[in-house]
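What follows is a short report on a single structure.
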Amino acid sequence: MASARPTGHRPMASQVRRPNSVSNGAARPPPAEDHAQFVSLATDLLTAIDREGCFKWLAPRFPQAFGYTEAELLDQPFMTFIHPADRAATSAALEKLSEGEPTLGLENRFRCQDGSYRRLAWTAIPTPEGLLCALARDITERGQPEAKRTRSFAREQSAALARKEGFVASVCHDVQQPLTVILAQTQFLQRQLARGETLPPEQLGTCLAYIFAAAARMRVMTQDLLDASVRQSGHTLAPFLARTELVALARQAVSEHEVVSKLHQFLFEAEVPTLEATVDETRVHRVLANLLTNAVNYSPNGGVVRVTVKASDGPDGKFALLSVCDEGVGIPQDDLPHVFDRFHRGANVVGRFAGTGLGLSSARELVEMHGGTISVESEEGKGSTFVVRLPLTPPAEATRLSPE
Ligand code: ADP
């Protein structure tokens with residue numbers, strides 16, 4: 001191979017003497033000018049490097065591709081342009097080349113004039129004269145989307161992890177409260193028992209009601225979590241439909257909450273004595289329990305919590321209107337459109353009140369599962385009213401979803 005002037009001004013191909021053509025005058029290479037023309041057309045990044053590792057010849061495209069002039073690269077040590085992190089692998093490949101082993105697919109980053117790096121894949125062969133002929137392919141664009149995808153995937157994963165950690169902390173915090181109530185009440189009863197003291201039936205009833213309400217709250221929370229994990233795994237929640245009396249159901253939910261808060265005054269109004277509907281009783285109870293818990297939580301100074309049950313007629317048939325109204329902190333206007341989104345919490349409650357941001361999204365899903373709707377009206381500092389509209393007869397889709 002080439003031993004002629006390694007100036008880089010002449011194309012390397014003109015310097016190449018193929019071993020089997022050295023003594024064979026018949027197989028002479030074409031004139032240098034033809035090669036020069038040919039090489040100038042080549043869009044590949046061709047170069048030749050000497051034993052000392054310096055650029056000795058460059059195809060015109062090579063310096064251009066990295067923003068250099070030919071003079072800026074010629075005789076410069078090749079390795080100084082390689083990203084420091086890729087130098088060890090590159091040196092190892094050069095070593096093998098010096099032992100006669102070609103390089104196929106070595107990847108490294110090459111520094112451009114502006115300081116940025118291009119990712120290159122190299123094919124190189126040693127020549128008998130001790131030069132290395134190398135062809136580089138710019139694979140920056142190929143690597144970039146992949147690298148970007150990897151980076152954005154990593155970012156998504158860490159955001160999801162942070163959300164999950166925050167969520168777990170929030171759930172633990174929320175579970176602590178009813179657990180503390182249960183522990184405190186049972187300890188109190190155990191102490192009374194140990195002392196041989198009997199409690200007046202009214203006091204005993206209150207203790208048990210506290211325990212019941214706390215356990216019921218934990219049940220709602222765990223059911224919300226279970227539903228969330230069913231959704232997470234890509235499954236559709238199905239209602240367990242049965243004839244249910246909604247007035248009694250709503251009254252029961254109110255009385256469970258009444259015992260836990262002495263600060264609040266609960267008012268229950270039903271426009272009809274009974275209201276039969278075909279619904280998933282446990283889930284409708286959960287919706288009300290969620291709304292009542294929020295009404296209590298977000299009215300830290302107490303006030304009235306009003307629950308009403310109405311029957312109404314609509315173009316789509318008969319339905320029930322269940323509403324829960326409080327005089328609490330209310331919801332900022334900016335947050336109103338988002339309160340039914342998963343994990344969304346109002347700006348006025350974050351850092352002030354514990355919560356997971358899961359209750360309302362779960363409530364909406366449960367209501368929609370019945371073909372119903374849930375809406376809210378609220379004014380910050382004045383209070384909120386949530387209204388659940390449930391068809392008394394479920395739509396065909398809900399019946400289809402309902403397990404046997
Ligand atoms: P959590 O109460 O656990 O934060 P929810 O999904 O039940 O989650 O509620 C979402 C958000 O809606 C709450 O964080 C709060 O900002 C707002 N919110 C819900 N109910 C009320 C209410 N009765 N009064 C004021 N804000 C409420």
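We count ligands from 1, going down the list as the structure has it; atoms in each ligand are counted the same way. Only this structure's heavy atoms are used, side chains among them; waters, hydrogens and symmetry mates stay out.
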Go through the steps for Tyr210 and Phe188 under the test ring-ring contact (aromatic ring centres under 6.0 Å, His included), then give the verdict. CA-CA 12 Å; Tyr210 271 121; Phe188 171 71; over 10 Å; no
Assess Arg389 against Phe319: is NZ or CZ under 6.0 Å from the centre of the six-membered ring, and within 45 degrees of the ring's axis? yes
Between ligand 1 and Asn348, is the shortest N or O to N or O distance under 3.5 Å? no
Min N/O separation Gly359 to ligand 1 under 3.5 Å: yes
Which atoms of ligand 1 are found less than 4.0 Å from any heavy atom of Thr356? 1 (P), 3 (O), 4 (O)
For Arg345, take its heavy atoms, then give the atoms of ligand 1 lying under 4.0 Å from any of them. 1 (P), 4 (O), 14 (O), 16 (O)
Proximity of Asp326 to ligand 1 by residue part, where a heavy atom lies under 4.0 Å: side chain
Atoms of ligand 1 less than 4.0 Å from Ser384 heavy atoms? 22 (C), 24 (N), 25 (C)
Closer than 4.0 Å to some heavy atom of Leu360 - which atoms of ligand 1 meet that? 5 (P), 6 (O), 7 (O), 9 (O), 10 (C), 12 (O), 19 (C)
Apply the side-chain contact (heavy atoms from CB on, under 4.5 Å) test between Leu360 and each candidate in Val376, Asp341, Leu291; give the one that qualifies. Leu291
Quick look: Phe386 vs ligand 1, heavy-atom contacts under 4.0 Å, and the answer is side chain
Going by the order shown, which atoms of ligand 1 are within less than 4.0 Å of some heavy atom of Leu358? 6 (O), 8 (O)
Please determine if Gly346 has a nitrogen or oxygen closer than 3.5 Å to a nitrogen or oxygen of ligand 1. yes
Do ligand 1 and Tyr298 have nitrogen or oxygen atoms that lie under 3.5 Å from each other? yes
In ligand 1, the atoms that come under 4.0 Å of a heavy atom of Val349 are 14 (O), 15 (C), 16 (O)
If you measure only the distance, is there a donor-acceptor pair under 3.5 Å linking the side chains of Gln223 and His285? no
Which ligand 1 atoms are under 4.0 Å away from a heavy-atom of His344? 10 (C), 11 (C)
